[in-house]
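The structure under discussion appears below in the form of structure tokens.
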Amino acid sequence: QLTLVESGGGLVQAGVSLRLSCTAAGSFVRLNAIGWFRQAPGKQRESVAAITDGISGGSTNYADSVKGRFTISRDNAKNTVYLQMNSLKPEDTAVYYCAAGRAWRSNDIDYWGKGTLVTVSS
């Protein structure tokens with residue numbers, strides 16, 4: 001069993017940076033995928049960034065809308081995954097969920113955090 005707890009959300013102005021953290025109670029080293037989804041008001045949940053193909057050595061993937069602005073990283077010793085978000089835009093406003101599982105597909109996600117709200121004002 002794995003519990004994911006997000007932190008770092010808040011209200012910021014457009015253009016600034018924010019870093020989200022996701023700390024796992026329990027090791028996520030053996031999982032195949034871990035990362036972030038987000039859900040904006042009135043919209044479907046979407047993948048933002050993930051580390052896949054093995055947490056220790058894997059590759060990263062990003063939504064087109066955040067490429068070049070967001071960076072996902074992990075510290076296995078701390079069981080923590082980070083999402084560095086730079087040059088934030090109002091359209092980045094959403095609840096950000098940490099997720100982990102066997103693969104980076106909704107049906108293969110086994111663990112979800114409760115989410116942290118990011119609000120970007122213009």
Side-chain angles (χ1 to χ4, degrees):
Q1 189 69 17
L2 194 71
T3 301
L4 304 174
V5 179
E6 305 97 334
S7 62
L11 171 62
V12 296
Q13 290 188 326
V16 304
S17 299
L18 203 61
R19 189 178 78 162
L20 304 182
S21 299
C22 170
T23 299
S27 174
F28 58 66
V29 172
R30 295 188 178 183
L31 295 169
N32 289 326
I34 189 165
W36 299 86
F37 283 83
R38 70 184 179 186
Q39 187 165 20
K43 295 187 177 181
Q44 288 189 334
R45 184 173 58 198
E46 64 173 350
S47 171
V48 178
I51 298 173
T52 60
D53 299 326
I55 303 302
S56 296
S59 58
T60 57
N61 64 70
Y62 297 91
D64 288 343
S65 59
V66 306
K67 282 181 181 177
R69 298 189 299 123
F70 290 12
T71 302
I72 188 171
S73 62
R74 86 285 191 217
D75 184 335
N76 290 339
K78 295 182 178 180
N79 285 336
T80 299
V81 173
Y82 303 99
L83 185 67
Q84 178 67 42
M85 306 186 293
N86 299 330
S87 302
L88 282 163
K89 304 176 181 180
E91 50 264 43
D92 294 318
T93 295
V95 177
Y96 285 71
Y97 297 93
C98 183
R102 293 156 285 152
W104 198 244
R105 291 184 295 269
S106 292
N107 289 342
D108 294 318
I109 297 297
D110 299 309
Y111 305 102
W112 292 91
K114 293 184 178 181
T116 185
L117 177 62
V118 173
T119 304
V120 184
S121 64
S122 58

Strictly below 4.0 Å, N to O, side chains only: are Asp92 and Lys89 in salt-bridge contact?
no
What pair of heavy atoms forms the shortest contact from Ala100 to Ile34, and how long is it?
CB-CG1, 3.8 Å
Atom of Leu83, atom of Ala49 and distance for their closest heavy-atom approach:
CD1-CB, 3.9 Å
Can you tell if the side chain of Val118 reaches within under 4.5 Å of the side chain of Met85, non-hydrogen atoms only?
yes
Just by distance, do the side chain of Thr93 and the backbone of Val120 share a donor-acceptor pair under 3.5 Å?
yes
For the student: nearest non-hydrogen atoms of Leu4 and Ala24, plus distance
CD2-CB, 3.8 Å
Which residue pairs pass the side-chain hydrogen bond (donor to acceptor under 3.5 Å, both in side chains) test with at least one member in residues 110-122, sequence neighbours excluded?
Arg102-Asp110
Kindly compute the distance separating CD (Gln84) from OG (Ser21), expressed to the nearest 0.5 Å.
9.5 Å
Heavy-atom pair of closest approach, residues Tyr97 and Gln39:
CE1-CB, 4.3 Å
Looking only at non-hydrogen atoms, find the nearest pair between Gly10 and Leu18 and report the distance.
N-CD2, 4.1 Å
Side-chain heavy-atom pair Ser65, Arg38 within 4.5 angstrom cut-off:
yes
Side chains of Ser106 and Phe37, heavy atoms from C-beta outward: is any pair under 4.5 Å?
yes
Can you find a heavy atom in the side chain of Phe70 that is under 4.5 Å from one in the side chain of Leu88?
yes
State, to 0.1 Å, how close Thr80 and Lys78 come at their nearest heavy-atom pair, and which atoms those are.
OG1-O, 2.9 Å
Side chain proximity check, Tyr82 to Thr71, heavy atoms < 4.5 angstrom:
no
Distance (rounded to the nearest 0.5 Å) between Thr3 OG1 and Asn79 CG
11.5 Å
Do Trp104 and Ile51 come close enough that some side-chain heavy atom pair is under 4.5 Å?
no
Student check: side-chain heavy atoms of Glu6 and Trp36 closer than 4.5 Å
yes
